Structure formats: C-alpha cells, structure tokens
Number of protein chains: 2
Amino acid sequence: MPTLNEVARRAGVTPATVSNVLRGRGRVGEATRQRVLEAVQALGYRPHLSARALAEGRPPTIALMVSSIANPFYPEFALVVENALRRSGRFLIICNTDGDPQTGRAYLEQIAGTLSAGVLVMNANLDFADLRATVRRGAPVVLCMWERPLDPPGLPCVAVDFRRAGELAAHHLLTLGHRRIGAIVGSKVSGIHAARYDGFVAAMQAAGLDGAGAPVRYAPDTTQGGYAATSELLARHPDLTAIFATNDLPALGAMQAAADLGLDVPRELSVVGITDIQLARESRPALTTVAVATTEAAELAVELLTELVEAPDSAAGATARVCVVPAPRLVVRASTAAPRTKG
Amino acid sequence: MPTLNEVARRAGVTPATVSNVLRGRGRVGEATRQRVLEAVQALGYRPHLSARALAEGRPPTIALMVSSIANPFYPEFALVVENALRRSGRFLIICNTDGDPQTGRAYLEQIAGTLSAGVLVMNANLDFADLRATVRRGAPVVLCMWERPLDPPGLPCVAVDFRRAGELAAHHLLTLGHRRIGAIVGSKVSGIHAARYDGFVAAMQAAGLDGAGAPVRYAPDTTQGGYAATSELLARHPDLTAIFATNDLPALGAMQAAADLGLDVPRELSVVGITDIQLARESRPALTTVAVATTEAAELAVELLTELVEAPDSAAGATARVCVVPAPRLVVRASTAAPRTKG
DNA sequence: TTGAAAGCGCTAACAC
DNA sequence: GTGTTAGCGCTTTCAA
C-alpha cells in the first residue's frame, strides 16, 4: 500500500504538503494541489488510519459497550449510532460485556483512549469506578439511556424519563378499567428498571390502589424471563387481568405464556410493555407499549460524545452534561383491552 | 497515560526490555522481569494499541460488513464473532453498508488494512471487485455463510449448504401431505437465496410436482416482505395449504399475514422457514424451520480469517479456502401440520 | 506557499 | 540478558 511519502515523491512535494492538501489545512497553491491529487489518484493512496491515530493522539473510533448485542434492543440503537458515526468519519467498535463487570473493565482498560477515542455505555453492567477511571485516562464516556433525568449519574449522559414511561403504561391499564395488575420488573430491584416500576407504583396509588402491594416479579430482561414470571404470577394470582412489564421483551414473553396457557390476549389478559422495539409492532397481537425516543437518544449520545472527544480535554470531564430526549409516549396496539366483566 | 518509555525509566531498563517482558518475547532475567511488572503496575500502564498497530504493521481489529446490524440474524452471528475475536485479543468493528455497494466500498477503502486487519463479509451486497481489491491491498477477506458449497466464489469462505436446507424444508411439507405450496424467496432471483429456492424446486420435482411452476413471490428479506408476499399469494391462490419461505423473517411475516387474515396456523396454513433464528423459537405458534450451523459458521469464519491475517501474506490470497459447516437440519415446531382434508 | 524536522508510542533487528 | 537503533506512516510546529 502506497504511503504519504510515495505520494509526495511522485508529486514532487514534501509529505507535509500532501497532508495539507488531503485535510484541507494550510494554504496550498492550486497547481501543487492538483499534482498532489493526481498522485493520490494514480497511486490509489489511502491514509493509514492507525498511523494517523498515533500522530493525532486519538483514533477515529468509538466503542459501544453492551451486555450482549443479541438483545433485540441494542442493534436498533447501534444502527443509529453507526450511522451517526459514519457521517463524521468515525467507526464503531462493539464490545459485548456478557453482563460481566470484569469483562467490561478489561475492555475499557484495553481500548479506551488507545484504540477508541471515547466510550458509549448502554446497560452493560459496568462499574462506575471503572468508567471514571476511563475518563481519567483521557477517554470520555457517555451513558446512553440513563433512566432518571432528575438523578444524574455524575457522568455525561443521555437521559430518558422512564419513570414517566412506567406511569403512562400503568395509567393506560387503569384507564381501561384494570384493577388487578401484575408487574414484571426486568433486572434486579436496585437495577435500572427501578424508575419504571416507581412510575407504575405511583400511577396505581394515584388511582387509589396499593401500588407497592401489587403482585410483582423480578425477572431477567428477556422473553424467557417474562414468560416464567408471568406463569408464576398467574399461578399465584389467577384473578389478574393485566400484566405490566418494564420492558418489551418480558412483555412479549408474557404474551407467549398467556398463549401457552390458553388465555386470550387481550380479552382475558392485557399486556403492556415499555420501549417500543421493532418486535413490539410485529408480534401478534401487536404489543401495546410506551415508546421511548431511541433514535434521538442514539444521535444525542454520539453528538455529546463527539463533542467531548474533540474538547480541550479539561472541560470534558467536569461538565457531566445531561441531555434529555423527548418524553415517552403511549402506543396503543392490540395487546390491551378493557377487562372482561366478571362472571 | 503512561508510556512504555516511562515504565522503562521507572524500572531502570530500556523500552525494548519492557516490550519483551510484556509480550513474553526474548529472554529476560527474572529480577528485571519483576521490576518491570512492578513499574507497569505502579504506573497503571496499558499498551497503546494504535501505536502497536503501526509498529506491528497490522491493527488488532476485524471489520464485520453487514447490510444492517438491525436484521435479527446478524446480532446472533456478530455475538459469536465478537466472542471469538475477544478470545484472541482482537476487536470488532461493525460496518453497516445499508445494502449499498458504494457505502461498502467506502468502508473497505478506508479501514481495510489500516484500521482493520481483515474483513468478514456477511450478505452485505458488496462488489466482488471491491473485495478483491481489498485483498490486493493486503487485507484478507472471508465470506461468511456462502450459500453454495459446490460453487466457490474465488475468495476464502465459510459455506453452508442452503440448497439442502431448501430441500429439507420443502420435503417436510410434502411429507405432511401438502401439494399446493407457495414459495417466498428473499431478495432477488439472482440473489443469494437462489440456492434455497433451487432446493425447494428440486424437492417438489422429486415428488412429481411442477416445482418451478409453483406460485412464487420475490420479497425483501424482512417480516414485512413476507407479510406482503403472503397476502398476495393467498389472494391469488386461495387453495394454498402451505408457505415455504427461504428465510425465517419472511416466514414470520407469513404467519402474521395468516393471523390477520383469520387463518389458523398450522390448521389452515402451514409455514416453514430457513435458518432458525432466535425469533423462530419465540413466535406463537413457534416456527418450523431448517436450522443452519450459525455458531459454527461464525467461529470458523473468525478462525479462517485469523489464519489469513497472520499468514505470510503471499499464501493468503491464493488459497481461497472453502470451509463447510455441518449440514442443515429440520426443526419441527408448531407452524406446520398436515393439510386439512378438503371439504 | 512550501519544506525540514521532530515526534506520536511501540516493535524488531542486531549488537553488546 | 539487555541496550541501541531504526523505523511504522502520519501530523504539525516552525523556518524559509
């Protein structure tokens, strides 16, 4: 592969000039400019990105940390991220942590700052201490889809009001007339779905019900998790008329469980989720859910990170800016309906 | 961030020695070894991957080209790829081509050889000429999931016998007693699903039916595509008792169309797909499909590419090795059954 | 407007 | 065993 030097030689100029031409820096005479361009063309020259990364002090690369890219939510997000990065001439490294903080730390230590200029963090179960260390090492970190806008994490983040999302979902069920509602909370209590559940509880209480006392199960954030949780809930509380799930995947699992139990959704059981992933539209019955602004969040996250990466690095860490995306909104589909009149 | 040099200074040795210690090359005295390790520890040193890439002449990175990571098949594949790479200390760059050869070429030209040591190609609609140019530039290319083992593409590849998969799927329907079967072929005729359709036609003919004459629709490789194609097929040929789709996504779309038409699957319409993606298990009814060895293919692809990347580069391009994964196998679930007796 | 030169952080011969 | 010396290909002052 031809190098800058070879191009320079061929054009009868120095490497510095070629560099200037290629990146539009510094003044270059139109004649030399042309000669350089021709040489580039003739040789099929492409800049060596690793060399450039070294010289510039930062790679054209961003890392996206996820627990598993196979979770149906992540690819939708990653797609937008990749597009946004591509537009700015950057590239995307996918880091699967397998939900293991150790793996996450290993990734951060290896590539942050040396192979990736910055880090985008989805729900990857990372230690905040590791993230802060990463920032100290000079690689900005942005948290994507932070759940509680009012309770900033001390790191730059894009926040989504998931508490509100929980409220909206619960409120929808209540409005339909449901009173005996079971809740499925993805990941552990202290986990990131707490805000969504808080919203549910609040909406229930606002309706004069004992929200915190409603049947609840904590389950892995998967269809299987939702399936198992629903089976249990229904076994223990056969009178439930609706299921509130903090995420779409468990909600989809709830619908499967209902189907396997011979329960008609929504006639005999209503199900509502949160997020509005692609699958929610495609399931039968289609899932009623609360849509969050995924695309906007992804774009904001990239924008924010890009800014930090390019910032004169002092200002970067100090800011810890919080961007809030548009409010979640209810999307009514076919998985919810008024409860059957008893009898 | 501390550099090799600083570590060396602190340990009272030269950079070369530190390098040797860190990568276990060359002989180093146990005492110095310890001192170096301590210095590394104390300073929190991590190698600068971009610098190393430059010096070694190749980055620790592999590019995976896909048309869109949001296609449910890719993340499953990418997950395995990432894991395999991680085990060998490499990193994964995701390149979405949006199905556009131009975008694909731009990616290849930019990163192949300079930011990624090699390229893994899924069905990303790339020009073969561009791929060959990439190889010439020194970046090995491996085609993942090549469809026709008997018809190698002239590039190293991992092949899956999709023709056989098509046969298996069709044969299953025929065995159940179906005779009026509609086919949905993902992507265009000349496209990569041709082998699967060939298998279908062959199986039909073997059963004494006019395979090539069976109702067929070409559709985008998506649920929507399958939905639309099924609606059309059923409108035109109300007597169809089964749908054969060359991929799971369109098959899932077919089931949705059936549901929306009030047709019971499998009682009134059987549906079979190919691939066995996660969703196939999770749909209701669960999809009968032909499983291909995705995991094995992903691992083989990484293995093959790694070999080529590390090869003394002359031998690399010449080989064009073809690895074949285990044969596809039928997975019977709930979306297929014997056709209803007429009347 | 262009050139010369120093260096980014690391590796790899080869010499001691 | 350990040090010396050259780069890898590019960017970026600073001079000319």
Side-chain angles (χ1 to χ4, degrees), chain A residues 1-37 39-40 43-60 89 110-115 117 137-139 310 313, chain B residues 1-37 39-40 43-60 89 110-115 117 137-138 310 312-313:
Chain A
M1 300 197 8
T3 72
L4 233 211
N5 235 303
E6 301 178 82
V7 174
R9 204 166 10 252
R10 190 179 226 269
V13 297
T14 65
T17 302
V18 177
S19 178
N20 280 334
V21 169
L22 258 31
R23 38 196 17 242
R25 302 280 197 83
R27 326 251 135 266
V28 183
E30 189 49 31
T32 14
R33 203 186 131 65
Q34 282 309 327
R35 256 183 308 135
V36 168
L37 258 21
V40 165
L43 263 33
Y45 167 81
R46 305 288 166 206
H48 192 298
L49 264 25
S50 290
R52 182 178 277 179
L54 219 211
E56 283 187 330
R58 95 173 90 96
Q110 286 186 89
I111 74 177
T114 78
L115 191 63
R137 284 171 156 280
E310 286 169 354
D313 62 1
Chain B
M1 300 200 4
T3 72
L4 233 211
N5 235 303
E6 301 177 79
V7 174
R9 206 167 8 253
R10 189 180 226 269
V13 297
T14 66
T17 302
V18 177
S19 179
N20 281 335
V21 169
L22 258 30
R23 40 200 9 249
R25 302 279 197 86
R27 326 252 132 262
V28 183
E30 189 50 31
T32 15
R33 205 186 129 63
Q34 282 310 327
R35 257 182 309 136
V36 168
L37 258 20
V40 165
L43 263 33
Y45 167 82
R46 306 288 164 205
H48 192 298
L49 264 24
S50 290
R52 182 178 277 181
L54 220 211
E56 284 187 331
R58 96 173 88 99
Q110 287 186 90
I111 74 176
T114 77
L115 190 63
R137 287 173 153 280
E310 286 169 354
D313 61 1

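Source: prediction; values computed, not measured. Labels below follow one simple rule: chain letters A, B, ... track the order of the sequence lines, proteins then strands, and each chain is numbered from 1.
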**Q** Tell me which nucleotide among C/dT11, C/dA4, D/dG1 gets nearest to the side chain of B/Arg27.
**A**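 Nearest to the side chain of B/Arg27 among the choices is D/dG1.
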**Q** Does B/Ser19 have a side-chain nitrogen or oxygen under 4.0 Å from the phosphate oxygens OP1 or OP2 of C/dC10?
**A**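 No.
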**Q** Taking atom CG of B/Leu22 and atom OG1 of B/Thr17, what is their separation to the nearest 0.5 Å?
**A**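 Separation between the atoms: 11.5 Å.
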**Q** To the nearest Å, give me how far apart CG (B/Leu22) and C1' (C/dT11) are.
**A**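 From B/Leu22 CG to C/dT11 C1': 12 Å.
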**Q** Is there a side-chain contact between B/Thr114 and A/Arg46 (heavy atoms, below 4.5 Å)?
**A**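 No, too far: nothing below the 4.5 Å cut-off.
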**Q** Give B/Thr3 one of three labels, base, sugar-phosphate or nothing, depending on what nucleic acid heavy atoms sit under 4.0 Å from its own.
**A**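 Sugar-phosphate contact only.
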**Q** To the side chain of B/Arg23, which of C/dA5, D/dC10, C/dT11 is closest?
**A**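 When the side chain of B/Arg23 is considered, C/dT11 is the closest of C/dA5, D/dC10, C/dT11.
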**Q** Could you pick out which residue, B/Arg25 or B/Leu54, lies toward the 5' side of DNA chain C when each is mapped onto its nearest nucleotide?
**A**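 Result of the comparison: B/Leu54.
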**Q** Counting any heavy atom closer than 4.0 Å, what does B/Gly57 reach on the DNA or RNA strands: base, sugar-phosphate only, or nothing?
**A**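 Result for B/Gly57 = nothing.
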**Q** State, yes or no, whether a side-chain contact exists between A/Val18 and A/Val21 at a heavy-atom distance under 4.5 Å.
**A**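 Answer no - side chains too far apart.
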**Q** Measure the distance from CG on B/Leu115 to P on D/dG9 and round it to the nearest whole Å.
**A**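 After rounding, the gap between these two atoms is 15 Å.
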**Q** Just how far, in rounded Å, is C1' of D/dC10 from CZ of A/Arg46?
**A**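 Spelled out: CZ on A/Arg46 to C1' on D/dC10 is 17 Å.
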**Q** In terms of side-chain heavy atoms of B/Thr14, which of C/dG3, D/dT12, D/dT4 is nearest?
**A**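 Of C/dG3, D/dT12, D/dT4, D/dT4 is nearest to the side chain of B/Thr14.
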**Q** Provide, to the nearest angstrom, the distance between the CG atom belonging to B/Asn5 and the C1' atom belonging to C/dC10.
**A**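 The answer, rounded to whole Å, is 10 Å.
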**Q** Starting at the 5' end of DNA chain D, which residue's closest nucleotide do you reach first, B/Glu56 or B/Val13?
**A**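 Looking at DNA chain D, the more 5' nearest nucleotide goes with B/Val13.
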**Q** C/dT11 P sits how many Å from B/Arg58 CZ, rounded?
**A**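 Computing the B/Arg58:CZ to C/dT11:P distance gives 13 Å.
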**Q** So what does A/Arg52 hit on the nucleic acid, given a heavy-atom distance under 4.0 Å: a base, only sugar-phosphate, or nothing?
**A**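 Here A/Arg52 touches the backbone only, sparing every base.
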**Q** A/Val7 versus A/Arg10: any side-chain heavy-atom pair under 4.5 Å?
**A**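 A/Val7 vs A/Arg10: side chains apart.
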**Q** Could you tell me the separation between the CG atom of A/Asn20 and the P atom of D/dT13, rounded to a whole number of Å?
**A**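 About 11 Å, once rounded to whole Å.
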**Q** Would you say the side chain of B/Glu30 lies within less than 4.5 Å of the side chain of B/Gln34, judging by non-hydrogen atoms?
**A**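 In contact.
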**Q** Let me know the distance between CD of B/Gln34 and P of D/dG1, rounded to the nearest Å.
**A**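 To the nearest whole Å, that distance equals 16 Å.
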**Q** For a quick check of understanding: with a heavy-atom distance under 4.0 Å over all strands, which category does B/Thr32 fall into, base, sugar-phosphate or nothing?
**A**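 Result for B/Thr32 = sugar-phosphate.
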**Q** Figure out the CD/P separation between A/Glu30 and C/dT2, and round it to whole Å.
**A**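 A/Glu30 atom CD is separated from C/dT2 atom P by 10 Å.
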**Q** From the set D/dT4, D/dT12, D/dG7, return the single nucleotide nearest to any side-chain atom of B/Ala55.
**A**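 So the side chain of B/Ala55 is nearest to D/dG7.
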**Q** If you check the B/Leu4 side chain, which of C/dC10, C/dA4, D/dC10 turns out closest?
**A**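 It is C/dC10.
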